[in-house]
Amino acid sequence: MSEQVTVTLPDGSQKQARKGMRVGEFVREFIGQGLAKAAIHARLDDQDVDLSRPIERDSRLKVYTTKSAEALEVANHDAAHIVADAVQRLFPGTQVTIGPTVEEGFYYDFFRETPFTPEDLEKIEALANEIVAKDLPFERREVSAEEATRLFESKGEKFKVEIIRDVVSKGAKTLTLYKHGDWTDFCLGPHGPSTGKVGVIKLLSSSGAYWRGDHRNPMLQRIYGISFFDKKALAEWLHRQEEAKKRDHRKLGRELDLFQFHPWAPGAAFWSAKGTSLYQTLSAYMRQLCLGNGYVEVKTPLLFNKGLWEKSGHWGKYKENMFLVLDSETGEHDFSLKPMNCPSHHVLYGFKKHSYRDLPVRYQTQDVLHRNEASGTLGGLTRVRQFAQDDAHIYCTEAQIPEEVRRFVHLLDRVYKAVGLQYTSKFSTRPANRLGDDELWDRAEASLKAALDSSGLAYETKPGEGAFYGPKIDFDVSDSIGRKWQLGTIQLDHVAPERFDLSYVGEDNAEHRPVVLHRAIYGSFERFIAILIEHFAGAFPAWLAPVQAVVVTVADRHLEYGARVREELRARGFRAELDERGMTLNAKIREAQVQKLPFTLVVGDKEAESGSVAPRRYGGEDLKSMKLEAFIELLSKEAAWP
RNA sequence: GCCGGUGUAGCUCAGUCGGUAGAGCAACUGAUUUGUAAUCAGUAGGUCGCGGGUUCGAGUCCCGCCGCCGGCCCCA
């Protein structure tokens with residue numbers, strides 16, 4: 001009689017199994033055929049394992065089937081191996097490096113001279129799916145570092161050997177190899193039971209990527225792909241991709257006539273009248289919220305002598321990201337467009353002596369900033385060279401930090417709710433590389449944490465991810481189709497006040513050092529607008545819409561009345577247009593819908609006689625004829641700032 | 001910056017083997033005056049991203065540059 005172990009399942013039930021029994025066998029024997037068939041991998045206590053892993057002691061067991069996101073991730077990792085196998089068969093001499101999964105799918109980086117062409121990808125995808133069809137089992141094997149090194153050295157896999165050396169230097173004793181067919185990779189696992197379970201592999205793109213992300217290292221050829229357990233899931237994913245494409249802010253920006261780019265100003269947008277309206281609405285809204293929350297608005301220069309950047313420390317580290325300007329008197333590039341507002345705010349603060357009674361001092365600014373981003377990183381409105389932040393710096397005492405953070409979170413919550421963005425927060429603590437002693441960091445982290453805890457906000461702690469000058473809280477939003485974006489931030493800075501020798505006079509009549517809080521809610525207007533365009537798919541709520549209502553006439557004889565309606569709306573402060581083109585009513589309504597305007601006001605004989613409009617909402621809801629005053633009341637409510 | 005892809009009318013796109021550039025929509029003109037998602041007809045619109053080269057001849061082939069798109073942290 002062999003030894004028994006107790007296996008505890010997620011529902012709390014316990015089974016007695018033979019010691020050394022494989023997870024897969026256990027599932028088949030104790031749970032059922034169906035689950036055994038659908039199983040991809042399992043979690044044994046706190047470790048993700050293959051189904052072939054023997055159960056050696058009393059454990060908790062959770063099985064992941066093709067229905068779970070965890071299993072899909074494992075299958076995508078299987079797919080990465082399969083693709084690498086296919087690549088090495090089709091292109092002998094290609095070296096493998098790493099092939100992890102990403103949020104959506106996986107990639108594998110290869111080292112070879114020539115990049116993959118789109119035709120190569122087709123061939124690789126076809127062969128990869130053949131390997132899937134062969135349903136080859138994945139086999140796990142534990143080996144010594146020496147054996148693994150010998151294996152990959154014999155194959156000429158220099159990158160794998162380097163990875164093995166690294167892993168060993170970090171203390172790993174036994175290494176694991178995963179094999180399917182006759183292809184072996186050095187891999188932590190887990191993997192699914194066989195290639196057949198992967199389902200279907202789709203290759204998406206290829207691109208260059210530096211070994212370990214460092215441009216001094218060799219360039220690798222990366223292949224991105226994604227796998228699904230069945231073709232239907234792939235089709236659905238492809239469909240979702242198409243839908244996301246329709247929301248692309250670059251496409252909608254052109255179609256809705258919001259902004260454009262020109263080769264003469266890479267990374268800097270031309271805002272049309274409509275785009276400018278959107279920009280200005282967001283700007284005015286934020287300005288008003290801040291002014292209502294004790295901020296004062298200030299403006300500082302756009303162009304600075306390098307002295308400021310030497311003082312702030314940016315001249316050394318950040319110089320290559322700044323646009324330097326030639327001073328024709330000295331012939332030197334001693335001036336720079338500001339890439340951020342903070343240093344100039346510090347200068348402004350330092351202009352006068354502050355009393356403790358003045359604190360907190362809250363400066364807000366929406367000045368234009370320039371950052372010389374590498375040309376290859378530019379894209380749409382989300383990565384630009386010229387932009388404006390809803391920037392503010394709060395100068396306060398350490399004791400005031402929790403209250404300031406609490407107020408900020410409150411403000412941010414209001415703004416994100418106003419546009420319907422869900423958000424989560426992250427608290428980042430002291431990094432390895434930092435300025436300031438531990439006692440200072442202890443206090444700084446404690447005050448941010450206290451503020452977060454009292455706000456009732458759920459947050460994730462990111463140890464070591466704070467800025468070198470202080471801990472921070474970041475806010476990630478999810479848009480209407482679930483994409484995540486990092487937007488708001490509040491960062492504590494106890495270095496800048498030192499550098500700029502900032503002070504206030506305390507109750508004790510002595511000089512004290514304030515702390516600085518850097519904070520933003522939109523992040524940058526440009527990026528925030530991009531996110532809103534995609535979030536609303538271009539159909540903005542009335543308070544944001546560049547055109548809130550367009551008047552369309554049934555016939556030309558109503559144009560005069562239509563113009564009166566437009567003028568009345570404008571006189572009441574609304575953004576209204578009249579479509580005077582000689583098109584049919586249907587054509588003008590269609591145009592207004594395509595432009596996603598909140599209200600289309602139809603006017604004909606009936607309306608002209610009774611002083612009415614017949615509003616139609618975006619989407620088609622017909623509100624029937626109503627007095628113009630009644631519509632103005634409706635619009636006043638819907639267009640009110642939230 | 002680096003790797004790959006890409007660039008034809010305002011927009012979306014076609015253009016075969018290298019033989020002198022085309023459609024739909026938009027714009028403009030005219031006719032029509034329509035009650036909730038495209039009325040009809042006509043007109044105009046192009047240094048085929050820019051610059052070189054090959055050729056009798058280049059949107060098409062070659063080279064360089066620029067812009068745009070996808071990537072360049074996810075460490076077996």
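Note on naming: letters A, B, ... go to the chains in the order of the sequence lines (proteins, then strands), and numbering restarts at 1 for each one. Keep in mind that what you see is a predicted model, and the values were worked out from it rather than measured.
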> Which class fits the ring pair A/His180 and A/Trp183: parallel under 30°, tilted 30 to 60°, perpendicular over 60°?
Replying inline: tilted
> Does a side-chain N or O from A/Arg581 land closer than 4.0 Å to OP1 or OP2 of B/A27, or not?
Replying inline: yes
> Any idea which of B/U33, B/C2, B/C3 is nearest the A/Asp556 side chain?
Replying inline: B/U33
> Reckon A/Tyr107 has a side-chain N or O less than 4.0 Å from the OP1 or OP2 of B/C74?
Replying inline: yes
>> Heavy-atom nearest nucleotide on RNA chain B for A/Asp166 versus A/Gly582: which residue maps closer to 5'?
In response: A/Gly582
>> Taking only the C1' atom of each, what is the distance from B/U12 to B/C72 in whole angstrom?
In response: 31 Å
> What's the CH2-C1' distance between A/Trp211 and B/C75, to the nearest Å?
Replying inline: 7 Å
> Considering Watson-Crick and G-U wobble pairs with both distances under 3.5 Å, what does B/A58 pair with?
Replying inline: none
> Of the candidate nucleotides B/G35, B/C3, B/U36, which contains the atom at the shortest distance from the side chain of A/Ile589?
Replying inline: B/U36
> Base, sugar-phosphate, or nothing for A/Pro100, non-hydrogen atoms under 4.0 angstrom?
Replying inline: nothing
> When you compare B/A44 with B/G22, how far apart are their P atoms, in angstrom units rounded to a whole number?
Replying inline: 13 Å
> When the distance from CG of A/Leu252 to P of B/C11 is rounded to whole Å, what number comes out?
Replying inline: 16 Å
> Using atom P of each nucleotide, how far apart are B/C48 and B/U60 to the nearest Å?
Replying inline: 10 Å
> So what does A/Thr117 hit on the nucleic acid, given a heavy-atom distance under 4.0 Å: a base, only sugar-phosphate, or nothing?
Replying inline: nothing
>> Assuming nearest nucleotide by heavy-atom distance, tell me which of A/Ala587 and A/His558 is located more 5' along RNA chain B.
In response: A/His558
> Does A/Tyr224 place a side-chain N or O at less than 4.0 Å from the phosphate oxygens OP1/OP2 of B/C72?
Replying inline: yes
> What does B/G45 pair with, Watson-Crick or G-U, if both distances are under 3.5 Å?
Replying inline: none
>> Between A/Tyr178 and A/Phe138 (judged by ring centroids, cut-off 6.0 Å), do the two rings come close enough to count as a pair?
In response: no
>> Strictly by Watson-Crick or wobble contacts shorter than 3.5 Å, is anything paired with B/C40, and which nucleotide is it?
In response: B/G30
> Rounded to whole angstrom units, what separation is found between the CG atom of A/Asp579 and the P atom of B/U34?
Replying inline: 17 Å
>> When you measure from the side-chain N and O atoms of A/Asn586 to the phosphate of B/A38, is any distance below 4.0 Å, counting only OP1 and OP2?
In response: yes
>> Mind checking if A/Leu188 touches a base, just sugar-phosphate, or nothing, with heavy atoms under 4.0 Å?
In response: base
> Considering only the P atoms, how many Å lie between B/C65 and B/U20, rounded to the nearest integer?
Replying inline: 32 Å
>> Can you tell me if A/Thr584 touches the phosphate of B/U39, counting only side-chain N or O atoms and a distance under 4.0 Å to OP1 or OP2?
In response: yes
>> Less than 6.0 angstrom separating the ring centers of A/His41 and A/His191, yes or no?
In response: no
> Out of B/C74, B/A38, B/G4, which has the shortest distance to the side chain of A/Glu103?
Replying inline: B/C74
>> Checking contacts here: which listed nucleotide (B/C72, B/G67, B/U33) is nearest the side-chain heavy atoms of A/Ala209?
In response: B/C72
> Out of B/C74, B/G70, B/C11, which has the shortest distance to the side chain of A/Arg250?
Replying inline: B/G70
>> Among B/U33, B/U36, B/C2, which nucleotide has an atom closest to any side-chain atom of A/Arg557?
In response: B/U33
>> How many whole angstroms separate atom CD of A/Gln260 from atom P of B/G67?
In response: 17 Å
> Within 45° of the six-membered ring axis of A/Phe468 and under 6.0 Å from that ring's centre, is NZ or CZ of A/Arg434 located there?
Replying inline: no
>> Need the pair for B/G70. Rule: Watson-Crick or G-U wobble, both distances under 3.5 Å, any strand; none if unpaired.
In response: B/C3
>> Rounding to an integer number of angstrom, what distance separates B/U47 and B/U29 when you compare their P atoms?
In response: 23 Å
>> Measuring only the P atom in each nucleotide, how far is B/A9 from B/G49? A whole number of Å is fine.
In response: 8 Å
>> Among B/U36, B/C72, B/G35, which nucleotide has an atom closest to any side-chain atom of A/Arg222?
In response: B/C72
> Roughly how far apart, to the nearest Å, are B/G35 and B/A26 at atom C1'?
Replying inline: 25 Å
> Which base sits across from B/G18 as a Watson-Crick or G-U pair, both distances under 3.5 Å?
Replying inline: none
>> Given the structure, check if the side chain of A/Glu607 and the base of B/G35 hold any donor-acceptor pair shorter than 3.5 Å.
In response: yes
> Think A/Arg112 forms a cation-pi with A/Phe91, using NZ or CZ under 6.0 Å from the six-ring centre and within 45 degrees of its axis?
Replying inline: yes
>> In this structure, how many angstroms lie between the P atom of B/C75 and the CZ atom of A/Phe186, rounded?
In response: 14 Å
> Rounding to the closest angstrom, what is the interatomic distance between B/G45 and B/C28 at atom C1'?
Replying inline: 10 Å
> How many Å lie between CG on A/Leu258 and P on B/G10, as a whole number?
Replying inline: 20 Å
>> Looking at A/Lys472 and A/Asp474, is there a salt bridge between them, counting it only when a charged N and a carboxylate O are closer than 4.0 Å?
In response: yes
> What is the pairing partner of B/C25, taking Watson-Crick or G-U wobble pairs with both distances under 3.5 Å in any strand?
Replying inline: B/G10
>> Side chain of A/Gln221 only, heavy atoms from C-beta on: which candidate in B/A38, B/C3, B/G35 is closest?
In response: B/C3
> If you measure from the Lys or Arg side-chain nitrogens to the Asp or Glu carboxylate oxygens, is any gap between A/Glu534 and A/Arg250 under 4.0 Å?
Replying inline: no
>> Need one value for A/Gly376: base, sugar-phosphate or nothing, where a base atom within 4.0 Å counts as base even if backbone is also close, heavy atoms only.
In response: base
>> Using the side-chain contact (heavy atoms from CB on, under 4.5 Å) definition, which of the options A/Val96, A/Ile223, A/Leu220 pairs with A/Asp109?
In response: A/Leu220
>> Rounded to whole Å, how long is the line connecting atom NZ of A/Lys606 with atom P of B/U33?
In response: 21 Å
>> From the set B/U36, B/G67, B/G35, return the single nucleotide nearest to any side-chain atom of A/Val554.
In response: B/G35
>> I need the NE2-C1' distance between A/His215 and B/G71, as an integer number of Å.
In response: 17 Å
> Hey, is the side chain of A/Arg616 poking within less than 4.0 Å of OP1 or OP2 on B/A37, counting only N and O atoms?
Replying inline: yes
> Which nucleotide in the list B/U36, B/C75, B/G35 gets nearest to the side chain of A/Leu585?
Replying inline: B/G35
>> I'd like to know if A/Lys170 pairs up with A/Asp166 as an ion pair, taking the criterion as any Lys NZ or Arg NE/NH1/NH2 lying under 4.0 Å from an Asp or Glu carboxylate oxygen.
In response: no
